[in-house]
There are 2 protein chains.
Amino acid sequence: MKKILLIGAGKSTSSLMAYLKDKAPVEDLQVTIVDKDLSLAQKIVANDPHFTLKTLNIFDDVIRGELVKNTDLVISMLPARFHLQVALDAVKYGKHMVTASYISDELKALNEQVVAKNLVFMNEIGLDPGIDHMSAMRIIDQIKHTGGEMILFESFTGGLVAPESDDNLWHYKFTWNPRNVVVAGQGGVAKFLHAGKYKYIPYQKLFRRTEFLDIDGYGRFEAYPNRDSLKYQSVYDLNHVNTLYRGTIRRVGFARAWNIFVQLGMTDDSYVIDDSEHMTKRDFVNAFLPFSPSDSVELKLRQYMKIDQDDELWLKLEELDLFDDQTKIGLKNATPAQMLQKILEDKWTLKPEDKDMIVMYHKFGYKTGNEFKQIDSQLVVKGTDQTYTAMAKTVGLPVGIAALKILNGTIKTPGIQLPINKEIYDPILKELEQYDIIFKDKEVPFECYNPNKVTG
Amino acid sequence: MKKILLIGAGKSTSSLMAYLKDKAPVEDLQVTIVDKDLSLAQKIVANDPHFTLKTLNIFDDVIRGELVKNTDLVISMLPARFHLQVALDAVKYGKHMVTASYISDELKALNEQVVAKNLVFMNEIGLDPGIDHMSAMRIIDQIKHTGGEMILFESFTGGLVAPESDDNLWHYKFTWNPRNVVVAGQGGVAKFLHAGKYKYIPYQKLFRRTEFLDIDGYGRFEAYPNRDSLKYQSVYDLNHVNTLYRGTIRRVGFARAWNIFVQLGMTDDSYVIDDSEHMTKRDFVNAFLPFSPSDSVELKLRQYMKIDQDDELWLKLEELDLFDDQTKIGLKNATPAQMLQKILEDKWTLKPEDKDMIVMYHKFGYKTGNEFKQIDSQLVVKGTDQTYTAMAKTVGLPVGIAALKILNGTIKTPGIQLPINKEIYDPILKELEQYDIIFKDKEVPFECYNPNKVTG
């Protein structure tokens, strides 16, 4: 019998729990699920003899320690800041651990102890980070294995709404933490490498530096650069590429309209708006516009942002009832970002029957002999319903698969790690295909950045 | 005999030293000037029997304490962060003190002791802060005294180049700390009050929200909002005004061109540019532009910033040799702001014969009976030469005048204070007029913001 302790049973763990339920009889699993709120777990694994559900205060060291002590492997699906405490228990009692979060410096510091105890601590094995690492390394290793020399790597991910549920002009709904969407891109310059030169984009230009992406069967998308394009350069061993770029995918037109909010100052989370409680949406917009004794908020906004009268962008703003002077936003002591989030949540929340969609797109440029070649690799995953969302599938399934493969010894190299080695990504990607998480690769002409004669 | 200790003898103290030298025989002054670098002091007061010059390490508590102990009044012209140490000495030995800097919270905390010892600690008595306080309060008090009710207060200041020395397209040269000019407006939203509503301008729009100002005999200027427009609302007792705005004055066209730097990201001081040491100006510009295998940096910039081919703004950029691909900027591990500063310093440094110019403009709107009225008050001060700059005059003279008036008992209310009371500003403004620091007031039609029916 293999024992798993799953700490955290929130929205993103539905597919993980269903996966474990499905595998429990064959793999002889005994799974303990703990959280403050167990309603989702009850819905999915209720009365299954392989599962025990417990309400846990994760700050109770004694109970948490006892649970970790009595398992073989811990999966922590808590918010990232809580992993360390669980990891310390896992080291203490000599248990494997899996998380879908970034490796923190504090966690990294445990590596020596983890290796000494021959434990596997697998991290960054959700969607992004997770599937992005595995799918990228699969092709990078393949290119290198056949003698190719990597020149370009671009990688894009987006959490979107599925086409059949796409019924607003922004072609966007919140499928994950709305706050992260509102403050996206803040806190530092976006830096990337393009044809051998570092490029820097400040926040105020981020949403005007999109590029288009076509995804087979799904049409055209756009992407804006992430702040951390260079983060995995050494991890992926891409120190000699001359183009390295990571971006976030939206439907075409999103970024250009979002830029209006950025320019107005509505995404600022650093100060509180006076009297926010009594402001209507129109008052909120007007707080960022010059005063006029007579002109309308609409005209002032058009003039200030140079929006043509027949620009479809305007319809996007109207769709959010941005000029409504009746209803109060109703947030006390709120920052602009919090008020904008509230306005958007009223419009961009998934309806019960809505499906979400995950899109991922990698471009691999390489040189083989004297030839420049490129492989594009695309993934589209749709949610089944509001429980088994594309987000829950793509985050939870790799976590579950990794956990079982650690328990059955397929993944055995010890240490604090992320899934960039063939030993790990090959079996996991293969099993993910059974769940329709399938990358489509194709050779395309190399996106000529004039690699031999760079002038720009 | 009255003894003055002047700590700090930098560029901004020339007029102060000259003033004290002029007054020394009549007022029976004995002045001790201390600084690391005494070259300016030597030039101005050399061999004057009323002056003693000493090289001082201001961190040497014993020597500094001894000097403070043996004076009647201390003037600290050090950078603001060093005032507290001097103030503690002054309290300890029971001496008056004068600074041209903002009152810090730490300084404010000494008030009880200062009052108990019957000492005057006069602060914010330079130009801005200083002359701005005094000249504003003079009219505000006058309006209130005649039964008027303040409705609007706008105040603008600029350190510029005098018209006769104005020989570049930006109509600007550095007359003060260049770094402050490059990072101006960063670090928080600009908030002000306009016709009863709070307005918020983010950094990315700051330089597009200028307004024009006409100054008699000097033509048209523009002003962009400061971050701290509401800072003096309670200090000036303007809690019931519905418009309160403070701004920085430039020549028309400056802000629109400066906005190009802001949008590109060149004013960012938060990160270091890779390989900055080897970059030409052209490389620097290109780091903020999209890659192209063939298009020129010039064309990319025009397209990115939507600059028309015949826009005079372009000439401003060219004037800075921004597209020069030969000369390296030559700064190692530099931030964008540091690199931009270097580029600008090559062009905007005052020549030996250049004169600077200080411009200040207040608008006072008020209601008297049923009438709306407005007084505009304007000040222009030109430098005499590179020693006696307008900046040195307007900062140093009020400091010197205040110091003597404290010593002779004209200013006697004890405490940590700024010059907002008639007892203080009246005699100081009167004496400043002898040095051609003269405000010109005029009644103008009230700038109608439709005060009874605000719709915007």
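Here is the naming used below: chain letters follow the sequence lines, and residue numbers restart at 1 for every chain. What you see is a predicted model, and the numbers here were worked out from it, not measured in a lab.
- For chain A, the nearby part of B:Y271 is the side chain; its heavy atoms alone come within less than 4.5 Å.
- Atom NZ of A:K205 and atom CE of B:M305 lie 4.0 Å apart (nearest 0.5 Å).
- Interatomic distance, CG of B:L289 versus NE2 of A:H194, reported as 13.0 Å (0.5 Å rounding).
- Cation-pi check for B:R209 over A:Y304 is met; the charged atom lies under 6.0 angstrom from the ring centroid and within 45 degrees of its normal.
- Residues passing the side chain to side chain contact (heavy atoms under 4.5 Å, CB included) test with B:E371 are B:T368, B:K373, sequence neighbours excluded.
- Exactly one of B:K199, B:K197, B:K191 qualifies for a salt bridge (charged side-chain N to carboxylate O under 4.0 Å, His left out) with A:D274. That residue is B:K191.
- Taking 4.5 Å as the heavy-atom cut-off, the residues of residues 253-263 of chain B that approach chain A are B:V262, B:Q263, ordered by number.
- Looking at B:I273, both its backbone and its side chain come within 4.5 Å of chain A, counting heavy atoms on both sides.
- For the residue pair B:D268/A:Y203, the side-chain donor-acceptor check at 3.5 Å is not satisfied.
- Ranked by heavy-atom pairs under 4.5 Å with chain A, the first of B:V189, B:D283, B:I201 is B:V189.
- Aromatic ring pairs are classed by plane angle as parallel below 30°, tilted from 30° to 60° and perpendicular above 60°; the pair A:Y200 and B:F288 is tilted.
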